[in-house]
Structures are given as structure tokens and as C-alpha cells.
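Working notes, structure below.
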Amino acid sequence: MKRYLDLYRWAMSMKLRMAMYTFVALFLKALCQLLDGKDSILIEDALSMWGCCLLFAVVESWIFPEERECTKIRSLLWLGAANLCFLGGALLFGWFDGVPVWGGVLLIVFLEWGLGMMWFGDRFVLKMDSAQLTQALKQYQKRGN
């Protein structure tokens with residue numbers, strides 16, 4: 001049962017990240033389509049974006065397992081995997097074909113900024129929240145004695 005619960009916990013965490021990445025990819029695709037005068041996204045694009053986001057979320061969970069510390073090597077592996085999945089997917093599947101060069105540069109800058117924010121949130125903000133919760137629990141336990 002413990003193994004099932006561990007797998008379930010991992011899947012829930014991984015799916016949340018996959019959904020977040022998929023939403024951002026689809027949002028950027030929709031924005032580019034609107035700026036190009038189009039009002040739809042091909043189902044093939046949506047599915048390939050979802051697939052790339054699923055792949056990255058799985059790889060990300062292997063690079064940064066919950067019980068392991070973040071290291072420089074893990075961070076670089078994560079950044080490389082993210083760029084390979086997202087930039088590689090965009091090129092392989094042509095998600096942003098027709099976007100001018102400046103738009104492509106802007107998309108890459110946005111990708112790198114977003115990845116930086118994800119890394120910062122995971123490595124610092126969530127750890128600060130966890131430390132605050134631990135401190136509050138210790139204070140609560142002291143009051144109970």
C-alpha cells in the first residue's frame with residue numbers, strides 16, 4: 001500500500017506541473033495565433049504540447065525527486081531538459097511557425113524567464129514556506145505541553 005501511495009503522490013505532483021506547463025504553452029500559442037489574425041489552435045498542436053509537457057514533467061520529477069537536495073548539476077540538467085523539450089518541441093512540431101524572428105526571440109526570453117521563476121519558486125519560496133510551517137508547528141507543540 002505504501003508503494004501505491006508513493007506512486008499516487010508522485011503522479012499528482014507530476015500532473016500538476018504538467019498541467020501548468022501545458023496551460024502556459026497553449027496560452028502562448030493562442031496569443032501568437034491571435035496576433036496572426038487566427039482564432040483557433042490545431043488539435044495536433046495542443047496534443048503535441050501536452051505530450052512535451054508530460055515528458056518534461058516526468059523527467060523533471062526524476063531530476064528533482066522530493067527527498068533529494070537541489071544541486072547545481074541537477075539544476076543544469078533540469079534547465080537542459082526543459083529547453084530540449086520546449087524548444088525542441090516547438091521546432092519539431094512547428095508550434096510557432098510564421099512567428100517573426102523578434103517574436104521567436106521574445107518567446108525564448110519568456111521561456112527562460114518562466115523557467116527561472118519556476119526554479120526560484122521551487123528552490124527558495126517553497127522551502128521558506130516549509131520552514132515557516134515547521135516553526136509554527138514547533139511553537140504549537142510547545143504551547144500544548
Sequence neighbours left out, cut at 3.5 Å: what donor-acceptor pairs do the side chains of residues 96-111 make with other protein atoms?
none

Which atom pairs, one a donor and one an acceptor, fall under 3.5 Å between side chains of residues 76-90 and the rest of the protein, sequence neighbours left out?
from  : atom 1 : to     : atom 2 : distance (Å)
Trp78 : NE1    : Glu60  : OE2    : 2.8
Asn83 : ND2    : Leu79  : O      : 2.9
Asn83 : ND2    : Glu112 : OE2    : 3.4

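Put simply, the side chain of Gln33 never gets that close to the backbone of Asp39: no donor and acceptor are under 3.5 Å apart. With hydrogens and angles disregarded, a donor-acceptor distance shorter than 3.5 Å links the side chain of Ser61 to the backbone of Val58. Judged by distance alone, with hydrogens and angles left aside, the side-chain atoms of Ser48 form a donor-acceptor pair with the main-chain N or O of Glu44 at under 3.5 Å. Side-chain N or O atoms of Lys29 include one that pairs as donor or acceptor with a backbone N or O of Trp95 at under 3.5 Å.
Summarising the geometry of Ala46 relative to Ile41, their closest heavy-atom pair is N-CG2, 4.3 Å, with the distance given to 0.1 Å. Closest approach of Lys38 to Asp36, counting heavy atoms only: NZ-OD2, 3.1 Å. Taking every heavy atom of both residues into account, Arg74 and Pro65 meet most closely at NH1-CD, 3.7 Å.
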Quiz item: Under the salt bridge (charged side-chain N to carboxylate O under 4.0 Å, His left out) criterion, do Asp6 and Arg9 qualify, and how do the steps go?
Solution: CA-CA 5 Å; Asp6 288 343; Arg9 187 177 304 110; 3.0 Å; yes

Practice problem: Carefully, step by step, assess Phe56 and Arg17 under the rule side chain to side chain contact (heavy atoms under 4.5 Å, CB included). | Solution: CA-CA 9 Å; Phe56 177 64; Arg17 310 242 349 163; over 6 Å; no

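Within the 4.5 Å cutoff, no side-chain heavy atoms of Met49 are placed close to those of Phe93. Side-chain contact between Met14 and Leu54: present, with at least one pair of heavy atoms (C-beta onward) separated by less than 4.5 Å. Trp119 is listed as a side-chain neighbour of Cys70, based on a closest heavy-atom distance under 4.5 Å. With contacts defined as side-chain heavy-atom distances shorter than 4.5 Å, the pair Phe64/Ser75 qualifies.
Met12 and Met18 fall into different hydrophobic clusters, where Ile, Leu, Val, Met, Phe, Trp and Tyr are joined by side-chain heavy atoms under 4.5 Å apart, directly or via other members. With hydrophobic clusters built from ILVMFWY side chains whose heavy atoms lie under 4.5 angstrom apart, Leu7 does not share a cluster with Met1.
Summarising the local packing, CG of Leu92 is surrounded by more than 12 heavy atoms from other residues, nucleotides or ligands at distances under 6.0 Å. Within 6.0 Å of atom CH2 in Trp50, 12 or fewer heavy atoms from other residues, nucleotides or ligands are found, so the atom counts as exposed in its surroundings.
Of the candidates Ile43, Leu42, Leu47, Leu42 is the only one forming a side-chain contact (heavy atoms from CB on, under 4.5 Å) with Asp45.
Once rounded to the nearest 0.5 Å, the distance linking CZ of Phe27 with SG of Cys32 reads 10.0 Å.
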